[in-house]
Amino acid sequence: MRKSEIINKQTILLCVLMTLVSCRVQTNLPASPSVEETASLPKQNIPLPCENFKWLLPPPPTVETVHAPRKPITEQLNDRDRNHVGVKDPKRFAESNTEIIDLSLIPEEEYAFPLPGGKVISPYGGRRRHHSGVDIKTKPNDTIVAAFDGIVRMAKPYAAYGNVIVIRHYNGLETIYSHNSKNFVKPGDRVKAGQPIALTGRTGRATTAHLHFETRLNGEHFNPNMVFNFSTCKLHRYCLLCTRKGNNISIRTQ
Ligand SMILES: [Zn+2]
C-alpha cells in the first residue's frame, strides 16, 4: 500500500469517527417537547407578587363629592355683605362665565321648602315684572325655614323688605326671606336646610302676613320657580346652566 493511500484511508476513518461523535452529541441534547407534550404538561401555580397596590388607585369618591354640588363661597362677611340684599360673591364666575348648579344632585335632606304648606299669592315678575320674588302665605307667625345649607349673610330690617334674612348657600345660590315678624338668626350663623330662621309677618311694605321669597345668583334675582315647583313644594330635578353676560345673568334649565 502506498503512503498516499494510507493517508486517504486515515482521513476517511477520521471523518467517519467525527460524524459518529457528532451524532452522539446531537442525540445527547435534551429533546424539546412537542406541541402535544407541552399541552399535556401539568399546570404550575405561578405565585403572584404579594404587594398591595391599592395605594396606586385614586381615592374612592366621598358621599359629599358624589351628591352635593358644593362650590366655594365667600364666608368672611364685610359691611356690604351684612347690610345689602343684592351683593355679588367674588367666588361666583371666578374662573368661567358659566356655572352649573345641578339641583338633581341635592339629596332630599339638603333642601326644604321655605314655608311648609304655603300657597303662592303673588308670582315672580307679575304684570309689570317688578316683583323680585314669590309671595307665599300660610298664617301670621308661621315658621320659615332655610331652603338649603349655608351661612347667614344678612339679618336686619331693610326698607320695604322689613325684617329680612339673606342666606348664602354652598350650592352657589342665595335665598332671601322677607317681611318677617321675627328673625332667629344673625350674620355669620351657619344654618342647615329645614332649620327655622324666622316667623312670617308683614314688616316693611306688606299688606298681609306672608313670606316674600327670592332666589339670587351673584346678586341678581331670578324666578324661584326655576328652583322649586311651588305646586308640589319640591325641588326641580334638573341642572341650572348659568351664564354671565356683563352684569346680567342668564339661567337656562338643562
Ligand atoms: Zn313679594
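Counting starts at 1 for both ligands and their atoms, following the listed order. As a basis for the values below, the full set of heavy atoms in this structure was taken, side chains included, without hydrogen atoms, waters or symmetry mates.
Closest approach between the Zn ion (ligand 1) and any N/O/S atom of H131 involves NE2. When the Zn ion (ligand 1) is compared with the N/O/S atoms of D135, atom OD1 turns out nearest. Restricting H212 to its N, O or S atoms, the one at the least distance from the Zn ion (ligand 1) is ND1.
Of the listed residues (E214, H221, H131), just one forms a side-chain hydrogen bond (donor to acceptor under 3.5 Å, both in side chains) with Y124, and that residue is H221.
No hydrogens or angles considered: nothing links the side chains of R252 and Y238 as a donor-acceptor pair under 3.5 Å. A side-chain donor-acceptor contact under 3.5 Å links K137 and T208.
Classified by interplanar angle (parallel below 30°, tilted 30° to 60°, perpendicular above 60°), the ring pair F230/F228 is perpendicular.
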